[in-house]
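This report refers to the structure that appears directly beneath it.
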Amino acid sequence: MAKVLITGGAGFIGSHITEAYLKKQYEVVVVDDLSSGRLENLSDVMSNKLFRFYKTDIRNADEMEKIFADEKPDIVSHHAAQKSVPHSIDAPIEDADKNVMGLLNVLALVGKYKVKNVLYVSSGGALSKPIIGDEKSRESDYPQIESPYAVTKFAGENYVKIYSSLYGYKYSILRYANIYGPRQIADGECGVIPIFVGNVVANKPSILMTYADMPRGCTRDYVFVGDVVEANMLLTEKPVNCPVNVGTGIEVSMMDIYEAILTVFESTQPIKVTGPRLGDIKRSVLDASRLKNLVGWSPSVDLVNGLRILKDSMAKK
Ligand SMILES: NC(=O)c1ccc[n+]([C@@H]2O[C@H](COP(=O)([O-])OP(=O)(O)OC[C@H]3O[C@@H](n4cnc5c(N)ncnc54)[C@H](O)[C@@H]3O)[C@@H](O)[C@H]2O)c1
């Protein structure tokens with residue numbers, strides 16, 4: 001079976017993808033500096049003979065070269081990134097260093113060691129155009145670039161495409177919507193679901209940051225992590241050489257999310273509405289019909305069921 005190298009494989013999404021490849025008998029090499037990922041996310045796979053872990057920063061050219069030379073992966077799944085929009089505004093140089101220079105380091109090795117297939121993770125939300133009425137964001141829209149994070153993800157997409165014509169690998173650009181599920185952590189301002197769930201479980205009220213004309217909060221498209229894993233598996237078998245939205249097409253406000261969490265976690269904690277957060281796009285929902293048409297993907301877990309799975313996983317800890 002083929003060998004896949006996953007950058008950021010100790011993170012929330014990367015660790016679920018690691019498990020899925022191993023279940024399909026791929027050899028899996030995870031490279032992660034553990035800056036936001038955790039080894040415990042990989043505890044179920046550590047003893048698997050098909051699995052290897054390297055604690056390395058993707059920007060470390062010497063260490064990365066050694067890993068590629070030793071492992072010679074067939075496939076690279078690039079999940080490692082600085083992922084926070086607010087942090088990219090506070091620290092744009094660090095954001096560009098990880099998300100652009102880190103990626104270029106990986107792509108140079110992809111070329112040198114003749115990797116055949118690259119899966120690059122971008123952001124559908126950060127690259128959405130402003131939507132009006134019932135519109136949904138499509139891959140063919142010119143992206144709305146409103147944060148350094150969006151700049152680096154869009155630059156990354158273009159580098160992946162250009163290097164593909166230079167080196168001849170196949171690729172897929174996965175524009176994720178807002179992903180949620182077990183193992184997601186409320187680090188900084190990232191991830192409204194783990195933040196709200198953390199508050200509800202701790203019997204604390206939450207804060208909803210929004211614009212005056214969006215009283216129920218900004219809207220997003222929330223996808224359960226298991227469905228994201230399935231998109232990765234389909235695109236591994238059939239690379240599409242273009243960007244694809246990974247979303248449900250359902251526009252959900254932050255207040256909708258909060259109310260669904262209160263129902264699933266059986267709570268009545270209040271929520272306080274305050275002013276908006278710098279860089280937040282007001283509305284975002286993705287049209288994922290391209291992904292459906294190209295590889296047959298569609299989401300299978302709705303929000304309430306996804307929250308139930310999350311609740312069950314927390315109870316098992
Ligand atoms: N979670 C979402 O809703 C969402 C939405 C759109 C896009 N994404 C993208 O998906 C990917 C994974 O995000 P996540 O939510 O699982 O976050 P995460 O923080 O859990 O995962 C990122 C992983 O990358 C690792 N990492 C970061 N910088 C690194 C470096 N320089 N060298 C090596 N490893 C490094 C971290 O330790 C972590 O394990 C990111 O590229 C992110 O931008 C996530």
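First listed ligand is number 1; within each ligand, the first listed atom is number 1. These figures come from a predicted structure and were not determined experimentally.
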Check your understanding: So which of His16, His78, Lys83 gets nearest to atom 17 (O) of ligand 1, if we judge by its closest heavy atom?
Key -> Lys83
Check your understanding: Among Val121, Val228, Leu127, whose heavy atom sits nearest atom 9 (C) of ligand 1?
Key -> Val121
Check your understanding: Do the ring centers of Tyr176 and His79 come within less than 6.0 Å of each other?
Key -> yes
**Study point:** Heavy atoms of other groups near Met101 CE, more than 12 under 6.0 Å
**Key:** no
Point to revise | Test item, Ala177 contacting ligand 1 (heavy atom, 4.0 angstrom) | key: yes
Practice item. Would you please say whether a donor-acceptor pair under 3.5 Å links the side chains of Thr236 and Tyr21? Key: yes
Check your understanding: What do you reckon, does Lys98 have a nitrogen or oxygen under 3.5 Å from a nitrogen or oxygen of ligand 1?
Key -> no
Review point. Given that the side chain starts at C-beta and the backbone is N, CA, C, O, which of these parts of Ile179 lies under 4.0 Å from ligand 1, counting heavy atoms, or is it both or neither?
Key: both
Study note, to complete from the structure: The option among Asp33, Ile13, Val223, Thr7 carrying the non-hydrogen atom nearest to atom 13 (O) of ligand 1 is Ile13
**Study point:** Test of proximity, Tyr176 against ligand 1: N or O pairs below 3.5 Å
**Key:** no
Point to revise | Under 4.0 Å to a heavy atom of Gly8 - the qualifying atoms of ligand 1, by number | key: 23 (C), 24 (O), 25 (C), 39 (O)
Exercise for review: Name the orientation class of the two ring planes belonging to Phe196 and Tyr258 (parallel below 30°, tilted from 30 to 60°, perpendicular beyond 60°).
Suggested key: perpendicular
Practice item. Provide the number and element of each atom of ligand 1 under 4.0 Å from a heavy atom of Ser35. Key: 26 (N), 27 (C), 28 (N), 36 (C), 37 (O)
Review point. Is it true that Glu27 and Arg52 make a salt bridge, defined as a side-chain N closer than 4.0 Å to a carboxylate O?
Key: yes
**Study point:** Any N/O pair Val31/ligand 1 closer than 3.5 Å
**Key:** no
Check your understanding: Is Lys161 paired with Glu157 through a side-chain N to carboxylate O contact shorter than 4.0 Å?
Key -> no
Check your understanding: Judged by non-hydrogen atoms, does Ser122 sit under 4.0 Å from ligand 1?
Key -> yes
Exercise for review: Taking only Lys NZ, Arg NE, NH1 and NH2, and the carboxylate oxygens of Asp or Glu, determine whether Glu71 and Lys3 approach each other closer than 4.0 Å.
Suggested key: yes
Review point. So, does Arg38 sit close enough to ligand 1 that a heavy atom of it is under 4.0 Å from the ligand?
Key: no
Check your understanding: Does a side chain donor of either Asn305 or Asp302 reach within less than 3.5 Å of an acceptor in the other side chain?
Key -> yes
Check your understanding: Should we say atom NZ of Lys170 is surrounded by more than 12 heavy atoms from elsewhere, each under 6.0 Å from it?
Key -> no
Practice item. For Gly11, take its heavy atoms, then give the atoms of ligand 1 lying under 4.0 Å from any of them. Key: 20 (O), 21 (O), 38 (C), 39 (O)
Revision key, fill the gap. for atom 20 (O) of ligand 1, nearest protein heavy atom and its distance come out as Phe12 N, 2.8 Å
Check your understanding: Nearest protein heavy atom to atom 12 (C) of ligand 1, by residue and atom, and its distance?
Key -> His79 O, 3.6 Å
Review point. Just wondering, more than 12 heavy atoms not from Leu166 lying within 6.0 Å of its CG?
Key: yes
Point to revise | Option of least heavy-atom distance to atom 36 (C) of ligand 1 (set: Ser36, Gly102, Pro194) | key: Ser36
Practice item. Mark the output for Tyr149 as yes if a heavy-atom distance to ligand 1 is under 4.0 Å, and as no if none is. Key: yes
Point to revise | Ser123 N/O under 3.5 Å from ligand 1 N/O | key: no
Point to revise | Backbone or side-chain N or O of Lys153 under 3.5 Å from ligand 1 N or O | key: yes
Point to revise | Distance filter under 4.0 Å to Ala80 heavy atoms, resulting ligand 1 atoms | key: 24 (O), 26 (N), 34 (N), 35 (C)
**Study point:** CD1 on Ile6 to OG on Ser15, rounded to 0.5 Å
**Key:** 9.5 Å
**Study point:** Separation between CD of Gln82 and OG of Ser35, rounded to the nearest 0.5 Å
**Key:** 9.0 Å
Exercise for review: Would you please determine whether Thr56 falls within less than 4.0 Å of ligand 1 on a heavy-atom basis?
Suggested key: yes
Practice item. Could you list the atoms of ligand 1 found under 4.0 angstrom from a heavy atom of Leu34? Key: 37 (O)
Exercise for review: Give a yes or no on whether a salt bridge exists between Lys282 and Asp213, defined as a side-chain N under 4.0 angstrom from a carboxylate O.
Suggested key: yes
Study note, to complete from the structure: closest protein heavy atom to atom 37 (O) of ligand 1 is Asp32 OD1, 2.6 Å
Review point. For ligand 1, which atoms, with element, lie under 4.0 Å from some heavy atom of Gly37?
Key: 36 (C), 37 (O), 38 (C), 39 (O)
Study note, to complete from the structure: Note: ligand 1 atoms sitting under 4.0 Å from heavy atoms of Asn178 are 3 (O)
Check your understanding: Parallel under 30°, tilted from 30 to 60°, perpendicular over 60°: which one fits the rings of Phe53 and Phe51?
Key -> parallel
Review point. Ala10 heavy atoms, cut-off 4.0 Å: which ligand 1 atoms fall inside?
Key: 39 (O)
**Study point:** Residues Arg216 and Glu259 bridged, charged N to O under 4.0 Å
**Key:** yes
Check your understanding: Nearest non-hydrogen atom to atom 32 (N) of ligand 1 belongs to which of Ile185, Ile58, Val30, Asp97?
Key -> Ile58
Exercise for review: Measure the distance from atom 31 (N) of ligand 1 to every protein heavy atom, then report the residue, atom name and distance (to 0.1 Å) of the closest one.
Suggested key: Asp57 OD1, 3.0 Å
**Study point:** Atom pair CG/CD of Asp70 and Glu65 - distance to nearest 0.5 Å
**Key:** 10.0 Å
